[in-house]
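Just the heavy atoms: all of them, side chains too, but no hydrogens, waters or symmetry mates, feed the values below. Each ligand, and each atom within it, is numbered from 1 in the order the structure gives.
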Amino acid sequence: MQESAVFIGNLTDIADHDVSRFNVNGLEVAIYRVGDEVFATSNICTHGKALMSDGYFENFEIECPLHQGRFDVRSGAALCKPLTEGLATYRVENVDGRVYLDLSCSNN
Ligand code: FES
């Protein structure tokens with residue numbers, strides 16, 4: 001695990017098959033849990049002023065609540081219009097049920 005990783009909580013405290021809003025060192029981050037897998041993206045839509053944590057999450061896709069643009073939370077890729085830009089993603093580690101987020105490791 002990187003020294004820059006921040007403990008964000010126990011896996012069992014993160015809602016399963018859902019998205020949660022976190023503020024980590026002043027950065028808005030959306031955390032997605034699917035069973036033992038956890039993913040992290042920027043919580044701010046790349047299209048407008050909307051929070052991914054207010055969106056609809058299913059099958060590794062988050063749908064923006066404002067214009068229904070969808071992103072793949074595993075890669076941050078924009079999947080449909082009106083999106084033209086993907087979300088920043090961050091590395092997450094699950095160490096024996098303790099979840100760490102590494103903000104130094106982003107795709108953007
Ligand atoms: Fe998210 Fe427009 S603000 S799709």
Side-chain angles (χ1 to χ4, degrees):
M1 180 176 22
Q2 299 291 316
E3 279 184 29
S4 54
V6 176
F7 174 70
I8 58 168
N10 295 315
L11 181 67
T12 53
D13 295 332
I14 300 172
D16 198 5
H17 291 87
D18 205 353
V19 55
S20 303
R21 180 182 186 179
F22 283 76
N23 186 301
V24 183
N25 297 341
L27 194 69
E28 276 281 342
V29 179
I31 299 290
Y32 313 86
R33 177 181 168 203
V34 181
D36 288 342
E37 294 187 284
V38 183
F39 305 92
T41 71
S42 166
N43 196 26
I44 312 292
C45 186
T46 57
H47 181 249
K49 290 184 180 176
L51 296 178
M52 298 294 93
S53 56
D54 291 336
Y56 177 70
F57 180 56
E58 186 175 58
N59 295 329
F60 300 101
E61 294 180 11
I62 185 72
E63 183 180 85
C64 177
L66 199 53
H67 305 116
Q68 289 70 52
R70 287 181 289 108
F71 299 93
D72 186 319
V73 304
R74 297 168 291 189
S75 65
L79 300 175
C80 65
K81 292 181 179 180
L83 304 172
T84 58
E85 186 181 338
L87 287 171
T89 59
Y90 305 101
R91 194 155 68 99
V92 179
E93 285 189 60
N94 176 359
V95 181
D96 298 328
R98 293 172 58 83
V99 179
Y100 295 85
L101 178 67
D102 188 354
L103 293 176
S104 72
C105 193
S106 167
N107 69 339
N108 283 16

How far does [atom1] of [X] sit from [atom2] of [Y], to the nearest 0.5 angstrom?
X     : Y     : atom1 : atom2 : result
Ile14 : Ser20 : CD1   : OG    : 6.5 Å
Asn43 : Leu51 : CG    : CG    : 5.0 Å
Arg98 : Asp13 : CZ    : CG    : 10.5 Å

So Met52 and Cys45, do their side chains get closer than 4.5 Å, heavy atoms only?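 With C-beta onward as the side chain, the pair touches.
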Taking 4.0 angstrom as the limit and counting only heavy atoms of [X], give me the atoms of ligand 1 inside it, by number and element.
X     : result
Gly69 : 4 (S)
Gly48 : 3 (S)
Leu66 : 3 (S)

Output the atom name for the N/O/S atom of His47 with the smallest distance to atom 2 (Fe) of ligand 1.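 Looking at His47, the N, O or S atom with the least distance to atom 2 (Fe) of ligand 1 is ND1.
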Take atom 1 (Fe) of ligand 1 as the vertex and measure to SG of Cys45 and SG of Cys64; round to 10°.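 Reported to 10°, the angle equals 110°.
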Strictly distance-based, threshold 3.5 Å: is any side-chain N or O of Ser4 a donor or acceptor partner for the main-chain N or O of Ser104?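 A pair under 3.5 Å: no.
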Report yes or no: does His67 have an N/O/S atom closer than 2.8 Å to atom 1 (Fe) of ligand 1?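 For His67, the answer is no, given that no N, O or S atom comes within less than 2.8 Å of atom 1 (Fe) of ligand 1.
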